[in-house]
Amino acid sequence: MEYKFREIEKKWQQHWSQTGAYKVSNESSKPKFYVLDMFPYPSGAGLHVGHPLGYIASDIFSRFKRLKGYNVLHPMGYDAFGLPAEQYAIEHGVHPAVSTDANIANFRKQLDNIGFCFDWDRQVKTSDPQYYKWTQWIFLQLFNSFFNRKTQKAEPISNLIASFEQEGSAAHGYRVTTGFSAEEWKAFDEATKQSILMDYRLAYCGYGEVNWCEALGTVLANDEVVNGVSERGGHPVVKKKLRQWYLRITEYADRLLEGLERIEFSDSMKEMQTNWIGKSSGAEIDFEVKSEKGTVKTLRVYTTRPDTIFGVDFMVVAPELDIVEDMKSAEQATAVDEYLAYVKSRSERERMAEKKISGVFTGAYAINPFNGQEIPIWISEYVLAGYGTGAIMAVPCGDERDHKFARHFNIPITNIIGKYYDGEEANATKDALLENSDFLNGMLMRDAIEVVINKLEEKGIGIRKTNYKMRDAAFSRQRYWGEPFPVQWKNGTAYPLSETELPLLLPEVESYSPGPEGEGPLANIPEWVAKELETNTMPGYAGSSWYFLRYMDPQNNEEFCSRKASDYWGQVDLYIGGTEHAVGHLLYSRMWTKVLFDLGYIGHDEPYKKLVNQGMIQGSSRFVYRIAGTTNQFVSAGQKAGYDVQPIHVDVNIVDGYELDIEAFKKWRNGEYADAEFVFEDGTFSASCSLGNQELKYICGSEVEKMSKSKFNTVNPDDLVNKYGADTFRMYEMFLGPVEISKPWDTKGIEGVHRFLKKLWRLFYDDVKGQLWKEEKANDAELKVLHKCIKKIEDDTERFSFNTAVSTFMIAVNELSDLKCSKKEILEQLLIMLTPYAPHVSEELWGLLGNSGSILDASFPKFEEKYVKESAKAYPVAINGKTRTEITLALDITQQEVEAIVLKDEVVLKWLDGKQPKKVIYVKNKMINLVV
RNA sequence: GCCCCGGUGGUGGAAUUGGUAGACACGCAGGACUUAAAAUCCUGUGACCCGCAACGGUCGUAACGGUUCAACUCCGUUCCGGGGCACCA
């Protein structure tokens, strides 16, 4: 009886599906455990071997927890709105819903192949009106709420209105420039009231810049802009101001920081979020401005280092700030205008990454409030409008970028830190005693910070200020394939639809092309525009900011999720996904959770208790080298130095290792290269790989890159499942290395895992002899192998070290084979442990052993120390840290006894060479080291 | 540019808290079984040195430096690769 994995896997997948083996109930006496995978976008390219990595890990963990007696929720669904489907619709005229559903069907088939334990009854799809109805509903909650800084939480906007009606802006005046009394508030007209309220709403409307491509008549995603031009067509892209929706996530900055202390994310992930939020404390300082036009009176800068106020040699203002226009002198006008035009063509990313120093003097000066010195005001792209006040005071001796700027433009540098500044490089120290600093002279910099802030506040020219790098999240897209906003405009004021009008269905359109003036496709629908409905749609992250809640109660038509369900499942206990979501999805969903918590809809304010990051599986691309100027002549990697060549991606599936399959290459891409000729690795030129009886080899070049269809380096899991089975595939993905590490995919090696499963099978059945397993009492050696394995599998699984768990199984099977152990007592326990990793073969053998129930509901074996207890250990003995020999000692031995034994050892004596050791280090259960 | 992560044999990786570097696999080489192939099994496999061999020695975890009785592990500097940087998801 042999291991027929195809039959076995198909059989059990059907069986589990028919018996509802993965159905999860919201009622259970068992403790709950919620395992979640990051929401996949169902792309048209289908799954490649990189995608299931995290799903397999979470699947193993879910099944492991189930064996450990938990009620485990492990759902899956689709983040179905998104740009690619819309682009496909524009190009092929296929409705995004249609192509998305086709992609989902394909996705599902591929997932099913691998044997996951998802409860498919809980599947959600963000583009389903039954789902986005609740996304819109949550938007209404955001729109109808404000962040009360006094209570530090979201509250209904009606509380704010009540406060305005009673005491004017006294309690919550932080967003209005001029305060108002209760009477004044009541006297405001509707539009004014709404405009003030808009400044408080958690979802609000404002203006922001987008990538505008005139030639394509559309707004482009950052992704679609390459080197300042559109990816499609290479047209120029400039920034354009458009009305946009935003989420006021900045109000949650402190709570997002605080929450990090209560959740298990990796330190690096917490660091990334902390840096993104970018909390800093310092001061805002107003500088008097002296300019030709004289219209601008003051320049407000934000600095974290007010102590360096006497080291300010110039100011830098973000070029897009309005005040630049007023500050430029007649003499500098042309230079400034030219620079502004240049900056307009630059993306924020390019500006930040630019090493080349650029900037222009405006012609205006700022006055140092303490010593009256005139400071030139420059503009430069390295200062961004969105951070702080969009203007900085530059201190070259203390800041590297300022220093380079000063050097480049020959701006004299004032040294306020004495010997700490060497004239060559800036020094950001806070430990220097200040010099050239007027009333601060001789003061330690870190102490001077407070002194200066107090003085600024005293003189009324500055305030203490906490700043955040994080900005409010842009929440609208000028696209079709997203959730419509439940918002109606009346005379320029936005009003929410009522809950009873939800879902506001995404209307059908004739064309998916953009609307006029950068508006989305919805602006092309007369009825939509006539009703003054919002023409923007929500961004991709809207639906994914709360999907983990919907899984708890997916069919609920009354609520987004009942409080009972969310109280039962609570936080996601384990969330597995990539670091690429570090500062996007993971922050947005944390914010939404906090808002829903504040408003009382759920009982916890952090969505994820523990996050495990999965590494990215990269592709190992293969290249052929086309000789420049030819269409069909290729040179092998070893010979390419002698030619001028163009590397061309070639499908990794027609390359064996590095050797190109010449025949397959000629058939590839519908015979595009059918007439190809080659310079082979040995230098022979031929159109065929056999010359007489000589075999010619064409060797490909290689590079590790992102796995992507366009690079022809994708490997389809279906092919591997078909060839080796799902169990082998699952285990091999885990065996590749730690889940959290990125690594290139290499199919070589999967044989080893497949062999392991065959070897496991042979402990039970032999092709010739038939049944091997027997009901016999296990001996000590066998029990030791089993319990060593139980301990390690349990530990490794618990700490997500699935690769070492797989090797532990291999070791156990190797050892049991060596012991010729086929005893049911041992094998049965081994199978239960293997179930999370290789469920199909485990279930099959479990049944063959005569068990009636499903192995999915078995209990994880219990580790017993007594079977693995050792009384002695072979200690490595090192002289000066270098291992020289090994001595076996009892475990309960004392330091004195160790010394006595070790100093009598022949090898040790040889190395001591008559000398007395200075010290004998004995670490129990580890090693012995003699210091000479 | 800024933030985060990684770099160990020919390859993927192991070494969980600073304590025997290379577990487990792949590949390769040799052998057994077989008419043959597949499958399976056995042996060897970091580099270098001495040697007939057993054995023994030196080096070795990207590079350099440091801390320590002891460093893949901690600290500093540099190089290389990957992810993110606010409209890909």
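Source: prediction; values computed, not measured. A note on names: the letters A, B, ... follow the listed sequences, proteins ahead of strands, and every chain is numbered from 1.
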*Can you tell me if the side-chain N/O atoms of Asn613(A) get under 4.0 Å from OP1 or OP2 in C4(B)?*
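Asn613(A) to C4(B) OP1/OP2: no side-chain N or O under 4.0 Å.
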
_Please confirm whether the shortest side-chain N or O distance from Arg477(A) to OP1 or OP2 of C87(B) is below 4.0 Å._
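For C87(B), OP1/OP2 do have a side-chain N/O of Arg477(A) under 4.0 Å.
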
Please classify the nucleic acid contact of [X] as base, sugar-phosphate, or nothing, using heavy-atom distances under 4.0 Å.
X: Gln478(A); result: base
X: Val225(A); result: nothing
X: Ser43(A); result: nothing
X: Glu580(A); result: base
X: Pro738(A); result: sugar-phosphate
X: Val219(A); result: base
X: Ile921(A); result: base
X: Glu886(A); result: base
X: Trp911(A); result: sugar-phosphate
X: Lys924(A); result: nothing
X: Lys792(A); result: base
X: Asp767(A); result: nothing
X: Gln244(A); result: base
X: Met470(A); result: base

_Atom pair CG/CD1 of Asn613(A) and Ile576(A) - distance to nearest 0.5 Å_ =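 Spacing of CG (Asn613(A)) from CD1 (Ile576(A)) equals 9.5 Å.
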
I want to verify a distance call: between [options], whose nearest atom is closest to the [X] side chain?
X: Ala474(A); options: C87(B), C85(B), G13(B); answer: C87(B)
X: Lys882(A); options: C59(B), A25(B), G12(B); answer: C59(B)
X: Ala221(A); options: C88(B), U20(B), G12(B); answer: C88(B)
X: Val583(A); options: C88(B), G56(B), G84(B); answer: G84(B)
X: Asn222(A); options: C3(B), C88(B), A14(B); answer: C88(B)
X: Met272(A); options: G19(B), A89(B), C3(B); answer: C3(B)
X: Met616(A); options: G83(B), C24(B), A89(B); answer: G83(B)
X: Arg401(A); options: A89(B), C5(B), G1(B); answer: G1(B)
X: Met810(A); options: C87(B), G83(B), C24(B); answer: C24(B)
X: Pro876(A); options: A23(B), U20(B), C87(B); answer: U20(B)

How far, in whole Å, is [M] from [N] if one measures between their [atom1] atoms?
N: C33(B); M: C24(B); atom1: P; value: 27 Å
N: G13(B); M: U61(B); atom1: C1'; value: 13 Å
N: C79(B); M: A21(B); atom1: C1'; value: 24 Å
N: G10(B); M: G27(B); atom1: C1'; value: 8 Å
N: A37(B); M: A47(B); atom1: C1'; value: 38 Å
N: G84(B); M: C72(B); atom1: P; value: 33 Å
N: G19(B); M: U73(B); atom1: C1'; value: 11 Å
N: C2(B); M: G60(B); atom1: P; value: 33 Å

Between [N] atom [atom2] and [X] atom [atom1], what is the distance in whole Å?
X: Trp245(A); N: C87(B); atom1: CH2; atom2: P; answer: 17 Å
X: Ile741(A); N: G12(B); atom1: CD1; atom2: C1'; answer: 13 Å
X: Ile811(A); N: G13(B); atom1: CD1; atom2: P; answer: 18 Å

Distance-only side-chain donor-acceptor flag, [X] / [Y], under 3.5 Å:
X: Asn536(A); Y: Gln244(A); result: no
X: Ser280(A); Y: Asn467(A); result: no
X: Trp745(A); Y: Thr747(A); result: yes

Would you tabulate the pairs of protein nitrogen or oxygen atoms and nucleotide nitrogen or oxygen atoms of nucleotides 40-50 of chain B closer than 3.5 angstrom?
| from | atom 1 | to | atom 2 | distance (Å) |
| --- | --- | --- | --- | --- |
| U40(B) | O3' | Arg762(A) | NH2 | 3.1 |
| C41(B) | OP1 | Arg762(A) | NH2 | 3.2 |

*Between His581(A) and His585(A), how do the two ring planes meet: parallel, tilted or perpendicular, split at 30° and 60°?*
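Answer is perpendicular, since the angle exceeds 60°.
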
*Geometric cation-pi criterion Lys125(A) and Tyr78(A), 6.0 Å radius, 45° cone*: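 So Lys125(A) doesn't make the cation-pi contact.
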
Has [X] got more than 12 heavy atoms of other residues, nucleotides or ligands less than 6.0 Å from its [atom1]?
X: Lys404(A); atom1: NZ; value: no
X: Glu91(A); atom1: CD; value: yes
X: Asp267(A); atom1: CG; value: no
X: Lys239(A); atom1: NZ; value: yes

*Does Asp796(A) reach the side chain of Phe802(A), with side-chain heavy atoms less than 4.5 Å apart?*
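Of all side-chain heavy-atom pairs linking Phe802(A) with Asp796(A), none is under 4.5 Å.
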
*Report yes if some heavy atom in the side chain of Tyr132(A) is under 4.5 Å from a heavy atom in the side chain of Met538(A); otherwise report no.*
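No, too far: nothing below the 4.5 Å cut-off.
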
*side-chain hydrogen bond (donor to acceptor under 3.5 Å, both in side chains), paired with Asn211(A), selected from Thr218(A), Asn222(A), Asp223(A)*: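 Result for side-chain hydrogen bond (donor to acceptor under 3.5 Å, both in side chains) with Asn211(A): Asn222(A).
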
*Is G9(B) in the syn range, within 90° of 0, or in the anti range?*
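It is syn.
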
*Could you provide the dot-bracket string of RNA chain B, using ( ) for intrastrand pairs, [ ] for crossing pairs and | for bases paired to another strand, with Watson-Crick or G-U pairs below 3.5 Å?*
(((((((..(((......[....)))((((((.......))))))((((......))))..(((((..]....))))))))))))....

